[in-house]
Amino acid sequence: MPVITEIEDLRQLARRRVPRMFYEYVDTGSWTESTYRANESEFQKIKLRQRVAVNLEHRSTAATMAGVDVRMPVALAPTGLTGMQHADGEILAARAAEAFGVPFTLSTMSICSIEDVAAHTKAPFWFQLYVMRDRDFIERLIERAKAAGCGALVLTLDLQIIGQRHRDLKNGLSVPPQPKLANLLNMLTKPRWCLGMLGTKRRQFGNVIGHVKGVDDMSSLGAWTNQQFDPRLNWGDVEWIKKRWGGKLILKGIQDVEDARLAVETGADALIVSNHGGRQLDGALASIEALPAIAAAVGDRIEVHMDGGIRSGQDVLKAWALGARGTYIGRSFLYGLGALGEAGVTKALEIIHKELDLTMAFTGNTRLTDVGRSILVPGTYPLPGV
Ligand code: GLV
């Protein structure tokens, strides 16, 4: 067993342990993957100011995200098919997040259902909503999330239609996996994964199967998404969902200042600067590039969060310094889950927390809530409006 000290170690292990079609679903972006790569590489361009001779004895990375106390401002992002990275993946990840003290967000496209995750956790988790053509189904999903005590609704706005994901198309990604010979042979080389899957009943989209008329399985994820997801989604629907839900609302997928202003008008509690992990519009700005202008445009009228490219606690600190009051990790925790199950998600959170704490200290700070843009070297990060 390799010594694990950084997210890349978990990625390498997950690559060995998770069947190719599910591993590649996570570890790829859309089209040329330029935005997917930029999400990570743009963080590297931002430089930190090293400060010395500051008393660093008592330090805290605690903050609040959408009114929730968090040990660090890093939530687990809603990710589809999480229960295909590892058997019972959503339950394991939710438990790891709860024990660590950060929010877990359950995707509409999860394998474990809302009720199932609620039955295995104590802390309220967040629920991510995709708007489908079948509005009755959406209403029922919202009611189910309420009944499960979910603490916030994360409404995704950037996936009415699905991005062109070459890997998934080539792999024939479907749930449950199609009995293509290449897929089956590859699965046989992942005995831990197979054993886990044989030992669980959770192998379908738990929130969907049995809750949508006529949907029994999903021959191709892309085709199914194209049929079910509602391409007519608009700001009027956001108002409607806000009323029906009645609780904390977080709008995910904002990349443009104009959309950020429209998000403020809805009265939502937070927005997430996001390009869906480089999985939708390839050629869009990296999230960290888009963040400063949006944070400046909305001021304190809405809480600004971001996701995309966070592979270390240094990235979290840079995002915080540029105005994000919360961040989300997707791939970083999924690698941990695929590698080591619940312990791997905990490991991912510990790695990010340690890096965040150390980096904050090296910039001469002991409390994250005191950190501002002054920790960054001017000229190495995007300025609002530039
Ligand atoms: C779903 O959210 C995906 O990006 O596949």
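Model, not experiment: these values are computed from the prediction. Whatever order the structure lists ligands and atoms in, that order sets their numbers, starting from 1. For the single chain, residues carry numbers from 1 onward in sequence order. We use all heavy atoms of the structure for the numbers below, so side chains are in, but hydrogens, waters and symmetry mates are not.
Side-chain heavy atoms closer than 4.5 Å link hydrophobic residues (I, L, V, M, F, W, Y) into clusters, and following such links, possibly through other members, connects I272 to W126.
Side-chain atoms of L322 and W320, non-hydrogen and from C-beta on, never get closer than 4.5 Å to each other.
Relative orientation of the F333 and F104 rings is perpendicular, given thresholds of 30° and 60° on the angle between their planes.
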Could you pull out every N or O of ligand 1 that sits under 3.5 Å from a protein N or O, with the distance for each pair?
{"unit_1": "ligand 1", "atom_1": "2 (O)", "unit_2": "Y130", "atom_2": "OH", "d": "2.5"}
{"unit_1": "ligand 1", "atom_1": "2 (O)", "unit_2": "H276", "atom_2": "NE2", "d": "2.8"}
{"unit_1": "ligand 1", "atom_1": "4 (O)", "unit_2": "R165", "atom_2": "NH1", "d": "3.3"}
{"unit_1": "ligand 1", "atom_1": "4 (O)", "unit_2": "R165", "atom_2": "NH2", "d": "3.0"}
{"unit_1": "ligand 1", "atom_1": "4 (O)", "unit_2": "H276", "atom_2": "NE2", "d": "2.9"}
{"unit_1": "ligand 1", "atom_1": "4 (O)", "unit_2": "R279", "atom_2": "NE", "d": "2.7"}
{"unit_1": "ligand 1", "atom_1": "5 (O)", "unit_2": "Y25", "atom_2": "OH", "d": "2.6"}
{"unit_1": "ligand 1", "atom_1": "5 (O)", "unit_2": "R165", "atom_2": "NH1", "d": "2.5"}
{"unit_1": "ligand 1", "atom_1": "5 (O)", "unit_2": "R279", "atom_2": "NH2", "d": "3.0"}

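In this structure, R95 is not positioned above the aromatic face of F100 in the sense of NZ or CZ being under 6.0 Å from the six-membered ring centre and within 45° of the axis.
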- Item | Check against ring pair (Phe, Tyr, Trp, His ring centres under 6.0 Å), Y328 and H305 | CA-CA 8 Å; Y328 297 73; H305 298 173; 5.7 Å; yes
Taking distance alone, no hydrogens or angles, what donor-acceptor pairs closer than 3.5 Å link side-chain atoms of residues 73-82 to residues at least two apart or in another chain?
{"unit_1": "T79", "atom_1": "OG1", "unit_2": "T82", "atom_2": "OG1", "d": "2.6"}
{"unit_1": "T82", "atom_1": "OG1", "unit_2": "T79", "atom_2": "O", "d": "2.7"}

